[in-house]
Q: 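Before we start, here is the structure in question, set down as structure tokens.
From a predicted model like this one, the values you see are computed outputs, not experimental measurements. Below, chain A is the first sequence line, B the second, and so on; all start at residue 1.
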There are 2 protein chains.
Amino acid sequence: MGRDGKPTYDKILAESKALLFENGFSGTSIDQILQRTGITKGAFFYHFKTKSALAKALIEEYAKEDILHMNEALKKTKYLEGDALERLLQFIQEFVDMMSGLSEPYSCLYATYTYEPSQFDEETLRHISETILTWRNTMEQLIRDVLQDYDTKIEIDIQSLADHTVVIFEGAFVVSKALKGRDLTADHLKHLKNYFQLLFIRKTTKD
Amino acid sequence: MGRDGKPTYDKILAESKALLFENGFSGTSIDQILQRTGITKGAFFYHFKTKSALAKALIEEYAKEDILHMNEALKKTKYLEGDALERLLQFIQEFVDMMSGLSEPYSCLYATYTYEPSQFDEETLRHISETILTWRNTMEQLIRDVLQDYDTKIEIDIQSLADHTVVIFEGAFVVSKALKGRDLTADHLKHLKNYFQLLFIRKTTKD
DNA sequence: TTCAATACATACCAACTAGTCTGTTTAATT
DNA sequence: AATTAAACAGACTAGTTGGTATGTATTGAA
């Protein structure tokens, strides 16, 4: 009973996210969100108790989709399990493909929140760090699988190599946005792929 | 005549920068700056006509120091001009050393501004893109020098490889800050160094 | 020692902020 | 058709925002 609030809720999330990428969180007022969505204050505060609640809902949705994409790429490359390096390279390639041909620079909520951390409660920020750690764990596993059959030409720290993927994502987002051109993420993921390709060398089996 | 305003001016810049890294630009109020510096509104608006003027002064100082560091690293490695690859690797190593042993995550004003771009005028934002392009040009030159004597094992786009350094800087800043641990920049610059080391192979001279 | 420009102090203001309160509309249920 | 809870509308408020106006203190130069 009562009308369906889902479209309104979704609209708030979508337009808020877009506004956050232009103005940041503090720089985005609720009145701005109302203007952009065409809804009123009553509707907004019906769906979100506070502005912080919106921030939390936004990052939860964003992180969920992020991990979803990651798991999709894992699934799509599962058929390459036989050669762990080939799988790792194709895993990165999935994101190269995904980010290719983006006209606008892509913006990331993690960076948005991270660069004004005092505006968010601990739970909200922990959501970000935990998602990054999920990426770390996934990448670490992919790399460990490679290391079963491959050595590295240069001694490396596995954890920091695992983090390197997210580092390149985030860095490419910042630089693309700062240069206001097209999105450069795909290009830089290719460098990551190159690095993996060059770094590993098949173990010599002493038969 | 009149007392010396330099200490006040410098104090405003220093404390503002620290506040920006905690709260972002919109999230930092002038009253907060006054509290932190112990000065009054009159003093603040004597030195900066508007809040935007502060933003501009901050990014100008920041970019100036950034390019200064870059040029220092260039100078320090000039003695390696004979082997361009060795020089490139040592150039990166200079920043590995610089960022090593940082207890706190390092924050970058470029990312701070880039993730709330509507808060700044075009001139201020252009300052950032131009600084990044200066990095691009410098790196591109270093890489071109290498390519005189080396081939790449994998075909690469020089410009995007040139940008890759700033990408890794910015990405490492974001991830370090998001994870709230120690600064990870040095670790990720090492991966960049590894990549360069693996990518180039000395040209075979047909004598 | 007066002068004048620099450097600062403080009260004030209009606009905006997140959030509240009271009421109205909508639509499935009985 | 009446009921009821969900979904929304919009006026209102207390606090904060960037910025101003006006006055005062400091200091070297004349």
Q: Exactly one of B:K17, B:R36, B:K177 should register a salt bridge (charged side-chain N to carboxylate O under 4.0 Å, His left out) with B:E22. Which one does?
A: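 Checked B:K17, B:R36, B:K177 against B:E22; only one passes salt bridge (charged side-chain N to carboxylate O under 4.0 Å, His left out): B:R36.
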Q: Distance check needed: D:dT16 P versus A:K51 NZ, whole Å only.
A: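 Result: 15 Å.
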Q: Closer than 4.0 Å, any side-chain N/O of B:H47 to the OP1 or OP2 of C:dC8?
A: yes
Q: Send over the distance from A:I30 CD1 to D:dT16 P, rounded to a whole Å.
A: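 These atoms are roughly 16 Å apart.
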Q: May I ask you to evaluate whether B:S29 reaches the phosphate of D:dT16, defined as a side-chain N or O under 4.0 Å from OP1 or OP2?
A: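 No, B:S29 has no side-chain N/O under 4.0 Å of OP1/OP2 on D:dT16.
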Q: How long is the line joining CD1 of A:I12 and C1' of D:dC8, in whole Å?
A: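 Value for this atom pair: 11 Å.
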Q: Respond yes when some side-chain nitrogen or oxygen of B:Y46 is under 4.0 Å from OP1 or OP2 of C:dC8, and no when none is.
A: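 False: B:Y46 side-chain N/O out of range (4.0 Å or more) of C:dC8 OP1/OP2.
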Q: Taking atom types as modelled, find out whether A:T77 and A:E94 have a side-chain donor-acceptor pair closer than 3.5 angstrom.
A: no
Q: Between B:Y150 and B:D83, is any side-chain donor less than 3.5 angstrom from a side-chain acceptor?
A: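 The answer is yes; a qualifying pair exists.
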Q: Nearest to the side chain of A:D31, heavy atoms from C-beta on, is which of D:dG18, C:dT17, D:dG19?
A: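 The closest nucleotide is C:dT17.
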Q: Step by step, would you call B:W135 with B:D163 a side chain to side chain donor-acceptor pair (under 3.5 Å)?
A: CA-CA 7 Å; B:W135 269 94; B:D163 285 342; over 6 Å; no
Q: May I ask you to verify if any side-chain N or O of B:T8 is less than 4.0 angstrom from the OP1 or OP2 atom of C:dC8?
A: yes
Q: Which listed nucleotide (D:dC8, C:dA18, D:dT20) is nearest to the side chain of B:F45?
A: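 Nucleotide nearest to B:F45's side chain: D:dT20.
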Q: Side chain to side chain donor-acceptor pair (under 3.5 Å) with B:Y195: which residues, sequence neighbours excluded?
A: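 Checked B:Y195 against side chain to side chain donor-acceptor pair (under 3.5 Å); matches are A:H191, A:N194.
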Q: Which of parallel (below 30°), tilted (30 to 60°) and perpendicular (above 60°) describes A:Y62 and A:Y110?
A: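 Plane angle over 60°, so perpendicular.
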Q: Could you identify which residues of residues 32-43 of chain B place a heavy atom less than 4.0 Å from some atom of DNA chain D, listed by residue number, or say none?
A: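 Output list: B:K41.
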Q: Kindly point out which of C:dT25, C:dT6, D:dG18 is positioned nearest to the side chain of A:R3?
A: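 Looking only at heavy atoms from C-beta outward on A:R3, the closest nucleotide is C:dT25.
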Q: Applying a 4.0 Å non-hydrogen cut-off, can you work out what B:S52 is touching in the nucleic acid: base, sugar-phosphate, or nothing?
A: nothing
Q: Could you pick out which residue, B:F44 or B:D4, lies toward the 5' side of DNA chain D when each is mapped onto its nearest nucleotide?
A: B:F44
Q: Which of residues 15-23 of chain A sit near DNA chain D, with a heavy atom under 4.0 Å from it?
A: none
Q: Between B:T185 and B:D183, do the side chains contain a donor N or O and an acceptor N or O under 3.5 Å apart?
A: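 There is such a pair between these side chains.
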Q: Parallel, tilted or perpendicular, judged at 30° and 60°: which one describes the rings of A:F95 and A:F91?
A: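 Answer is perpendicular, since the angle exceeds 60°.
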Q: What verdict does the salt bridge (charged side-chain N to carboxylate O under 4.0 Å, His left out) test give for A:E140 and A:R144, after you've listed the backbone C-alpha separation in whole Å, the side-chain angles of each residue and the deciding distance to 0.1 Å?
A: CA-CA 6 Å; A:E140 193 168 323; A:R144 284 195 191 282; 3.0 Å; yes
Q: Whole angstrom is fine here: how far is it from NZ in A:K49 over to C1' in D:dA7?
A: 18 Å
